[in-house]
Amino acid sequence: MENEIKTAVLYSDTKPSDAQTERFVKFLKEKYQTGIELCWEKSEGIKNGFRLTVGNDVYDWTLDGRFRQLKKYIKSMAEEETDLIPLLKEGIEKWTPAVLSSETGTVLTVGDCVATVGGLKNAFYGEILIFADGVKGMVQTVDEDICGCILFDESEELLAGTPVRHTGKIAGIPCGTGFLGRVTNALGLPIDAKGAIESEQYRPVENAAPGIISREAVNKPLHTGIMAIDAIFPIGKGQRELIIGDRQTGKSSIAIDTIINQKGRDVICIYVSIGQKTSFVSNLVATLSKYGAMEYTAVISASAGEAATLQYLAPYAGCALGEYFMERGKDVLIVYDDLSKHAVAYREISLLLGRSPGREAYPGDVFYLHSRLLERSAHLSNELGGGSMTALPIVETLAGDVSAYIPTNIISITDGQIFLESSLFYSGQRPAINIGLSVSRVGGNAQTKAMKKAAKTLRLDLAQYREMEIFMQFSSELDEETRRRLLYGQGLMRMLRQKQASPLELHKQVIMLIAAMGRCMQKTSPDQVHEYLESLVSRIEAECPEICRGIDDKGDYSPEDEQKILEIARSVGD
Ligand code: ATP
Ligand code: MG
């Protein structure tokens, strides 16, 4: 058996030095006496040392592993002798790593993709375990003798008593540019029948978020192409903006439109679909392909029919893929659709693992579940390449209740939320963004000058209009001033209506806003606002292309440009 082994793999965070490599080669020669080739693989999960795998044998060469082994040794020796100092000396000098994988465990209980395993004393959180029939699982809870494990496959052959082996490997997914344009499951395996995907790196699904020093403030805009968002709730690269609302209020559509708008802007998009129907995913891919957006998008899907364990893992896997690109200096946009279903999947797993439930039957650590995911979004400093990962998590509410457990958690983790309302949606105001309850806390710093200047008091005007609208429901006679204000507000609301998959370029949004804020639409009835704005934009595009180019390229315009736009806007209205 040993003669068949050709290579030994050494895992560690940093590359071993020549002296260290020499030591490992010597160790292999002594243990196996054959010409085994040693190769190194980067594994970020292994700090303070190395992990060596030779065929089935795993050696723990980390600091923790050494301590554990030394402790055991000294304990056993101390029973016979009393003087500890020479024992310590001997223990340190004689230390060679013991085989970890000789430790086999057995399945104690199994069901619903969760298993408890006994006898694996050296298991660690996040480790992949292999069950006798090839099923893989990930360690989630570690007790003294028992560990709880989530399974990636369902298998009928898995019974109580089935043997379980260590792998010493942290759960991760393969990453690489090959994933763009593809649909994979939560383990990074393709599910689109387009063949295998070539990967460039294997990354742990769980990873620590970048620290304070590694981050740069959010200062670059990420345009969604949706005017209501870009003008009032601007999103910056590296920001986390929650999309929240009842079912069927256009949440996913906002995320999809944002992805479509990234075409030609050098942004890599990742769509993580959690607990959705398979038909949704196939429609999503069809829509993205139709607009040429699949070229720069990777889709990770754990649909409703799949095991809760895969639904639980999917967003972390997507995030790991996003980090791969972010660390290479790219701008990444990641959508988690949706995190309420993720929380439900986690609740299921936790209850099966025997964790005690708390509020709304979720375990108490559900906050950590999402904070450790969303904190991984960042705008990295220039020293680290200046890449960014912008997150658009989606949460579904019940009857508009934003004060439920999961929504309040995620609202407090993110940098703002876009709140979608059913009543607006059904009244035809789509996207159905509630201006009063939505906010973007950091994106304002990243907004382009052109947008900031053009949007002026839009938010305030809309808020006033909403109040007036409610108040006016009770009165029949309106004076001229009030009527004018109402009409102005209605015009603004109409302007913010936007069809799906029709993102507006920056210059179009700015022109429309300048005209609207300059009260040029007063003579236009709300029903004709869109026609008016369309003809205005096409006239300016034809007559002053340099203004449009200036806004798109430099993100700014001069006071003369503004006068010119207003002049044309007034003449279009006549
Ligand atoms: P779910 O809760 O099922 O996930 P959702 O909130 O994600 O729903 P979507 O699936 O995005 O909502 O949209 C719901 C419906 O509204 C779809 O049929 C979509 O076509 C329509 N819709 C969304 N946005 C718009 C829009 N701007 N204009 C017209 N129709 C829209
Ligand atoms: Mg949806």
Side-chain angles (χ1 to χ4, degrees), residues 183 223-233 241-261 269-288 290-291 293 297 299-305 311 314-315 318 333-345 391-402 404 406-407 410 417-435 437-438 492-504 508-509 512 526-527 529-530 533-534:
V183 187
H223 289 127
T224 61
I226 299 167
M227 178 137 76
I229 298 177
D230 289 346
I232 316 177
F233 311 108
E241 184 78 5
L242 172 66
I243 302 174
I244 184 167
D246 280 4
R247 52 180 299 276
Q248 289 288 304
T249 47
K251 302 183 296 296
S252 308
S253 303
I254 288 191
I256 296 168
D257 289 358
T258 308
I259 292 181
I260 292 174
N261 192 45
C269 302
I270 299 169
Y271 201 104
V272 185
S273 153
I274 311 151
Q276 307 282 339
K277 284 174 271 190
T278 322
S279 64
F280 168 82
V281 182
S282 78
N283 285 340
L284 166 80
V285 175
T287 313
L288 292 179
K290 185 174 153 199
Y291 293 97
T297 306
V299 178
I300 294 183
S301 162
S303 53
Q311 295 183 37
L333 168 71
I334 184 160
V335 177
Y336 304 109
D337 189 4
D338 65 48
L339 289 187
S340 344
K341 298 200 176 70
H342 183 236
V344 170
L392 293 180
I394 295 179
V395 161
E396 187 182 302
T397 52
L398 283 173
D401 181 13
V402 277
I406 300 301
I410 303 180
Q417 72 273 353
I418 290 169
F419 182 60
L420 303 175
E421 209 174 42
S422 305
S423 58
L424 280 173
F425 187 84
Y426 293 123
S427 69
Q429 182 69 31
R430 300 173 189 180
I433 300 175
N434 179 316
I435 308 286
L437 288 179
S438 303
L492 291 183
M493 290 299 277
R494 281 301 168 113
M495 178 178 74
L496 296 182
R497 289 190 187 180
Q498 204 172 325
K499 286 205 201 83
Q500 262 175 293
S502 49
L504 290 169
K508 289 190 181 165
Q509 297 190 21
M512 291 182 187
D527 288 337
V529 160
H530 271 278
L533 290 171
E534 264 166 39

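What you see below is based on every heavy atom in this structure, not just the backbone, and it leaves out hydrogens, waters and symmetry mates. Ligands are counted one by one from 1 in listed order, and the atoms in each one are counted from 1 as well.
Judged by distance alone, the side chain of Gln509 and the main-chain N or O of Leu504 form a donor-acceptor pair under 3.5 Å. Counting only distance, with no hydrogens or angles, the side chain of His223 and the backbone of Asp230 share no donor-acceptor pair below 3.5 Å. The backbone N or O of Val395 lies less than 3.5 Å from no partner atom in the side chain of Asp338, so there is not a single donor-acceptor pair.
For Arg497, no heavy-atom contact with ligand 1 is shorter than 4.0 Å.
Remark: ligand 1 atoms within the under-4.0 Å shell around heavy atoms of Ser253 are 9 (P), 11 (O), 13 (O), 23 (C), 24 (N). Applying the 4.0 Å criterion to heavy atoms of Gln498 picks out, from ligand 1, the atoms 26 (C), 27 (N), 28 (N). The atoms of ligand 1 that sit less than 4.0 Å from any heavy atom of Arg247 are 2 (O). Close contacts of ligand 1 with Ser252, meaning ligand atoms under 4.0 Å from a residue heavy atom, involve 4 (O), 5 (P), 7 (O), 11 (O).
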Intermediate values then yes/no, side chain to side chain contact (heavy atoms under 4.5 Å, CB included), Arg497 and Gln429: CA-CA 6 Å; Arg497 289 190 187 180; Gln429 182 69 31; 3.1 Å; yes
Does the side chain to side chain contact (heavy atoms under 4.5 Å, CB included) test come out yes or no for Gln417 and Leu437, once each step is laid out? CA-CA 8 Å; Gln417 72 273 353; Leu437 288 179; 5.5 Å; no
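Scanning Lys251, Arg430, Lys277, Glu396 for the heavy atom closest to atom 29 (C) of ligand 1 points to Arg430. Of the listed residues (Ser422, Ala255, Gly245, Gly250), the one carrying the non-hydrogen atom nearest atom 13 (O) of ligand 1 is Gly250. Looking at Gln248, Lys499, Gln276, it is Gln248 that brings a heavy atom closest to atom 15 (C) of ligand 1.
Here Gln248 fails the criterion, with no N, O or S atom under 2.8 Å of the Mg ion (ligand 2).
Defined by atom type and a distance below 3.5 Å, a donor-acceptor pair is missing between the side-chain atoms of Thr224 and Asn261.
Residue-ligand proximity: Phe425 is placed with a non-hydrogen atom under 4.0 Å from ligand 1.
Atom 22 (N) of ligand 1 has Gln500 OE1, 3.4 Å as its closest protein atom, hydrogens excluded (heavy atom only).
Across Ile270 and Gly318, no two heavy atoms sit closer than the pair CD1-O, 3.8 Å.
Using a 4.5 Å heavy-atom threshold, the side chains of Phe419 and Pro407 count as separate.
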